[in-house]
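Below is one structure, written out as structure tokens; comments come after it.
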Amino acid sequence: MSDKYDFHSIEDKWQKYWEENDVFKTVEDDNKEKYYVLEMFPYPSGKLHMGHVRNYSIGDVTARYMRMKGFNVLHPMGWDSFGLPAENAAIKNGVRPDIWTHDNIAEMKRQLKSLGLSYDWDREVMTCRDDYYKWTQWFFIQFYKKGLAYKKKNAVNWCPSCQTVLANEQVVDGRCERCKTPVGKKELSQWYLKITDYAQRLLDDLDKLPGWPEKVKTMQKNWIGRSEGAEIDFEIENFDKKLKIFTTRPDTVFGVTCMVLAPEHPFVKELVTPEHQAEVDAFMDKLQYLSDIDRSSTTLEKEGCFTGSYAVNPLSGKRVPVYIANYVLMNYGTGAIMVVPAHDTRDFAFAKKYGIDIIPVVDPEDPDIDLENLQDAFVAEGNMINSGEFNGMNNKKAIEKITEYIEKKGIGKKTVNFRLRDWLISRQRYWGVPIPMIYCEHCGWVPEKEENLPIMLPTDVEFTGKGASPLASSSTFGDTVCPVCGRPAKREIDTMDTFVDSSWYFLRYTDAKNDKEPFSKDKVNYWMNVDQYIGGVEHAILHLLYARFFTKVIHDLGLVDAEEPFENLLTQGMVLKDGTKMSKSVGNIVSPVEIIDKYGADTARLFILFAAPPDRDLDWSDTGVEGSFRFLNRVWRLVLEIIEKDDGTFSGNAEGKEEKSLYYQMNKTLKRVTDSMSSGKFGFNTAISSIMELVNEMYRYKETENADYALLRSCADNLVLALAPFTPHIGEELWQRLGHEGSVYFEKWPEYDESALVLDTVEIVVQLNGKVKHRMNVSTGLSREELSETVLADETVKKLTEGRNIRKVIAVPGKLVNIVVG
RNA sequence: GCGGAUAUGGUGGAACUGGCAGACACGCAGGUUUUAGGUGCCUGUGCUAACGCAUAUGGGUUCGAGUCCCAUUAUCCGCACCA
């Protein structure tokens with residue numbers, strides 16, 4: 001090999017070495033502390049993008065560093081390989097989804113390997129393979145047996161482009177999260193997982209995750225959307241059923257002057273009186289034309305329509321009209337509200353428009369507010385008025401008291417309401433896990449027998465991209481027998497949302513080849529939880545909430561001790577180019593393959609870790625990459641020169657000033673790199689900058705007279721060790737050339753010499769009234785008093801303070817002396 | 001509207017518990033090695049002619065503030081007729 005930094009051959013050589021020697025294979029070991037680092041597994045699109053490179057580089061540095069620190073590191077990789085693109089390829093190009101997917105995986109795996117990532121490929125999982133989805137089906141059945149899976153007819157989100165239903169979480173701003181098509185509503189019978197049963201735990205346990213970004217926890221809290229309040233029953237005249245409403249403001253019941261139902265509310269049909277039928281029909285018609293996006297817009301004018309019926313205020317006895325209106329949603333609370341115009345801005349606007357009474361029940365006690373003629377709803381705190389026996393009470397107190405009163409009278413109760421809905425997991429698509437349920441005319445829905453799993457995805461199907469699930473077109477799939485009574489029965493033909501697959505893959509890695517159970521208890525409990533999870537913030541709600549839900553259910557099934565899957569979470573920033581997200585349409589994509597080809601994987605990794613802290617967005621810079629490449633070349637030349645010039649005859653001259661200074665820098669670098677890498681900090685950029693300083697210092701030192709190359713060699717050893725997690729290929733190569741045996745991956749992380757960090761003298765700053773005026777070198781161990789004395793005795797300082805009244809001297813040993821003068 | 005974040009040179013970004021603001025790198029400028037381009041190496045680089053002034057803006061606490069407190073502004077992100 002030549003003396004040039006030939007990254008191509010170096011990277012090939014070591015990637016082959018790692019593979020042939022099973023360097024990254026991991027086994028359970030009770031004598032070692034475990035560390036499980038995981039990056040979100042990719043969908044195999046076939047092409048690696050810079051976001052992947054960043055994600056996996058962060059994970060790989062962490063894995064390699066922790067390995068060198070002596071941990072037993074689990075660092076696996078796999079494929080979230082079910083999903084629509086494979087099926088769309090089948091529709092468009094006639095390729096079989098399984099072949100398309102496996103080709104993509106092969107290609108992406110090749111690209112991942114070219115990055116030099118330290119994965120234990122023996123634990124690779126593919127969610128589309130039957131050895132994995134067998135257990136996804138098995139989990140579905142366990143959920144079903146626990147009453148956590150059910151089928152229900154409901155108005156569901158339908159994406160007309162993807163031709164399938166979507167979970168609430170997959171609808172963003174009224175559009176399909178995948179294809180951005182506006183989502184419509186469809187009345188369909190679908191399978192749900194009962195995540196709402198876990199709403200409170202999912203909320204509470206967020207507080208047990210100090211290693212998660214506040215942002216993600218807040219997003220989950222908002223999504224779960226807990227609100228405390230009361231359910232209250234209102235009587236309706238000439239109607240035998242009671243109208244149940246939810247409110248967070250039971251204190252305002254005396255101010256209720258109207259009731260409003262969502263137009264979809266089941267009572268509406270019965271409540272509309274003949275005189276108002278035409279009006280209501282017209283209103284409903286108008287609503288039909290509104291998309292979900294428009295319906296939920298805050299700027300949409302509140303419109304409603306009187307039904308002709310009247311309800312009775314249970315506390316005041318007041319007779320109040322019942323309306324339907326566009327601003328009341330069927331999928332929150334009970335789909336009906338009590339209207340208190342005086343104390344709710346939306347109700348106020350509605351009441352103004354339709355001439356509904358406004359009765360204030362909370363006194364603002366503000367002379368500027370005219371209670372008889374409110375200009376706006378009053379939503380702040382105050383004392384109760386117009387509320388019978390509750391008058392004079394603070395309204396916060398009244399929430400409690402009126403709720404108690406209502407409960408006593410049996411017309412309502414205190415409740416907690418969640419915004420979170422159950423998770424709709426049915427998809428009318430082919431490339432997913434078949435739902436292992438069977439419909440029997442006699443027994444109803446029954447789960448497939450566990451010994452019959454996996455229910456294989458049929459291959460004799462037609463891909464049209466339209467209508468029902470392609471599984472319906474299979475001649476072999478649908479017909480079966482009832483597992484209970486043995487009579488002919490029909491299989492469910494929908495498949496599962498792919499987010500189900502990714503809700504438990506991190507558990508499977510702990511025992512990826514188990515064909516008796518999803519994972520053995522011993523193994524899963526040895527490795528779980530994931531100590532560090534790394535991925536994009538786009539999964540803040542969807543994947544991260546579902547995975548938490550699954551872990552809790554699996555915990556409750558007694559299969560794993562962990563109650564939370566991910567101890568620490570790092571949401572890495574996006575990779576931008578020229579300030580905008582890399583995308584085909586903008587045409588600013590930088591291809592990882594090209595970068596690796598031009599500069600090597602080590603340069604790509606180094607740049608991406610150096611250019612910005614991992615949680616921030618990173619603007620790709622071509623000149624920045626050149627800089628990282630230059631640095632590695634600089635390291636290469638330096639180490640090679642040291643190897644060449646060190647003849648092993650160490651002069652014993654390490655006491656010299658220059659030698660001490662170099663030794664100091666080396667230890668300082670090791671300390672700074674170690675500190676930056678310590679858990680939760682992710683200071684890769686500062687770690688690298690510190691290594692750069694060491695390299696600069698080594699260059700400077702080697703040009704000094706009689707430079708000691710034996711000392712330089714020991715610096716080079718440490719330099720290579722410190723650099724190895726970031727740039728593993730050059731790390732291995734230089735480690736070998738420095739005369740060491742075996743992989744640098746198995747070396748211990750270098751300890752630094754604490755005593756070398758204490759210098760004989762230290763430069764301190766002399767300030768006058770907080771402004772730096774002078775610098776001087778003093779010996780290190782001085783006390784406060786000694787330091788002030790030394791400084792005040794200095795000639796320059798004397799000159800500076802001459803003729804001025806010294807009021808106070810503040811001395812900070814090792815740092816500065818501040819002289820306060822008048 | 002509610003919530004979360006961020007704000008430091010021409011640029012990306014450093015600055016641990018309040019203690020030398022601008023580490024490290026990019027860019028730029030000058031020099032130098034080389035037949036030459038590139039590479040390498042060296043020097044300079046916040047603003048100001050200067051006393052000085054500088055961490056989004058205005059106040060405050062402190063001997064001392066990028067860092068703590070109060071207010072304001074801008075940008076990004078999430079949620080949003082949630083009763």
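Throughout, a chain's letter reflects where its sequence line sits, starting with A, and its residues are numbered from 1. Computation of the quantities below employed the complete heavy-atom set of this structure, encompassing side-chain atoms and omitting hydrogens, waters and symmetry-equivalent molecules.
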Of all the nucleotides listed (B/C81, B/G19, B/G13), which has the minimum atom distance to the side chain of A/N818?
B/G19
CD1 of A/I806 versus P of B/C63: gap in Å, rounded?
17 Å
Electrostatic pair A/K353:A/E303 at N-O distance under 4.0 angstrom
yes
Report the secondary structure of RNA chain B in dot-bracket form, marking unpaired bases with a dot and bases paired to a different strand with |, and treating Watson-Crick or G-U pairs with both distances under 3.5 Å as paired.
(((((((..(((......[....)))((((((.......))))))((....))..(((((..]....))))))))))))....
Checking only heavy atoms, does the side chain of A/K808 share a donor-acceptor pair with the base of B/C63 at less than 3.5 Å?
no
If you measure from the C1' atom in B/A23 to the same atom in B/G46, how many Å do you get, rounded?
15 Å
When the C1' atoms of B/A49 and B/A5 are considered, how many whole Å apart are they?
43 Å
Quick one: does A/I324's side chain get under 4.5 Å of A/V260's, heavy atoms only?
no
Residue pair A/E169 / A/W223, side-chain donor-acceptor N/O under 3.5 Å:
yes
Quick check on B/A80: is either OP1 or OP2 less than 4.0 Å from any side-chain nitrogen or oxygen of A/R419?
yes
Between B/A14, B/A83, B/G78, which nucleotide gets closest to the side-chain atoms of A/P613?
B/A14
Kindly say if A/N685 contacts the phosphate of B/A14, meaning a side-chain N or O under 4.0 Å from OP1 or OP2.
yes
